[in-house]
Peer 1: 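Sending over a structure as structure tokens; questions will come in a sec.
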Amino acid sequence: NAGVTQTPKFRILKIGQSMTLQCTQDMNHNYMYWYRQDPGMGLKLIYYSVGAGITDKGEVPNGYNVSRSTTEDFPLRLELAAPSQTSVYFCASSSVRFGEQYFGPGTRLTVT
Amino acid sequence: QKEVEQNSGPLSVPEGAIASLNCTYSDRGSQSFFWYRQYSGKSPELIMSIYSNGDKEDGRFTAQLNKASQYVSLLIRDSQPSDSATYLCAVNIAPRAGGTSYGKLTFGQGTILTVHP
């Protein structure tokens, strides 16, 4: 049972480039989340989804987009990367509303 | 006032001592409370969840919830150097007027704990 997996582990982007961070969970969880964590800071919610086809913005959605076509996958798209998007990105999933969230290993992104 | 606030660190305790981590939250209607441990360079790992007032024990960890006072704490007994990490408190916070929550959790900024031999 792999839980929540994320790819890639590391990535360096140039300003203005785009990329997709992949997130997959094999626990059949309906709820999925994307967070970013800046050094010494807590987690900020970017986007979340309550099921296939349903997504909504979190605290810091600007510069990002998501889609949820299946229960398992919740990719995060960065368009026109900016240095302010340098961060560690975590995907998480939960089986129930307000339930325990389980995190993937993270993607460390640097934009230069 | 921050929605979820943790006691500022870093916190340093000797091996074998009790480490006490505190968290206050702003929403009287909050129902779900979690403690996560995060080692440097790793992802958050769930260590405790608590939903009702009182204490919940799991091994060396005890979570304490007081909804009337709006705080949740984590006690680590017989602290070990391997407990050295950042501890994150997470709470479901009701959205502001017109918003939706859909199970979102709000995380505190974390408390760095160091257990020295």
Peer 1: Could you walk me through whether Tyr36(B) and Gln101(A) pass the side-chain contact (heavy atoms from CB on, under 4.5 Å) check?
Peer 2: CA-CA 10 Å; Tyr36(B) 286 84; Gln101(A) 293 185 16; 3.5 Å; yes
Peer 1: Could you tell me the separation between the CZ atom of Phe107(B) and the CD atom of Gln37(A), rounded to the nearest 0.5 Å?
Peer 2: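 If we round to the nearest 0.5 Å, Phe107(B):CZ and Gln37(A):CD are 9.5 Å apart.
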Peer 1: Provide the closest heavy-atom pair for Lys42(B) versus Phe90(A) in the form atom of the first, atom of the second, distance.
Peer 2: O-CZ, 3.8 Å
Peer 1: What distance separates Leu43(A) CG from Gln109(B) CD, expressed to the nearest 0.5 Å?
Peer 2: 11.5 Å
Peer 1: Hydrophobic clusters join Ile, Leu, Val, Met, Phe, Trp and Tyr when side-chain heavy atoms are under 4.5 Å apart, directly or via other members; which others share one with Val111(A)?
Peer 2: Leu13(A), Ile15(A), Met19(A), Leu21(A), Met32(A), Trp34(A), Ile46(A), Tyr47(A), Val60(A), Tyr64(A), Val66(A), Phe74(A), Leu76(A), Leu78(A), Tyr89(A), Leu109(A)
Peer 1: Within the distance-only criterion (no hydrogens, no angle test), does the side chain of Ser32(B) pair as donor or acceptor with the backbone N or O of Gly99(A) below 3.5 angstrom?
Peer 2: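 No: the side chain of Ser32(B) does not pair with the backbone of Gly99(A).
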Peer 1: Are Leu113(B) and Tyr71(B) co-members of a hydrophobic cluster defined by side-chain heavy atoms under 4.5 Å apart?
Peer 2: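 Hydrophobic grouping puts Tyr71(B) apart from Leu113(B).
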Peer 1: If I compare all heavy atoms of Glu100(A) with all of Ser49(B), which pair ends up nearest, and what's the gap?
Peer 2: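 In terms of heavy atoms, the two residues are closest at OE2-OG, 2.9 Å.
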Peer 1: Is Val115(B) reachable from Leu11(B) through a run of hydrophobic residues whose side-chain heavy atoms are each under 4.5 Å from the next?
Peer 2: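 Same cluster: Leu11(B) reaches Val115(B) through Ile, Leu, Val, Met, Phe, Trp or Tyr contacts under 4.5 Å.
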Peer 1: With hydrophobic residues grouped by side-chain heavy-atom distances under 4.5 Å, do Met27(A) and Leu105(B) end up in a single group?
Peer 2: yes
Peer 1: Using the rule that Ile, Leu, Val, Met, Phe, Trp and Tyr join whenever any side-chain heavy atoms are under 4.5 Å apart, tell me whether Val88(A) and Leu45(A) fall into a single cluster.
Peer 2: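 Result: yes, single cluster for both.
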Peer 1: Hydrophobic clustering (ILVMFWY, side-chain heavy atoms < 4.5 Å, transitive) - are Ile47(B) and Leu75(B) grouped together?
Peer 2: no
Peer 1: What are the two closest non-hydrogen atoms of Ser43(B) and Gly104(A), and how far apart are they?
Peer 2: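 Heavy-atom minimum between the residues: CB-O, 2.9 Å.
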Peer 1: Contact part of Gln38(B) toward chain A, heavy-atom cut-off under 4.5 Å: side chain, backbone, both or neither?
Peer 2: side chain
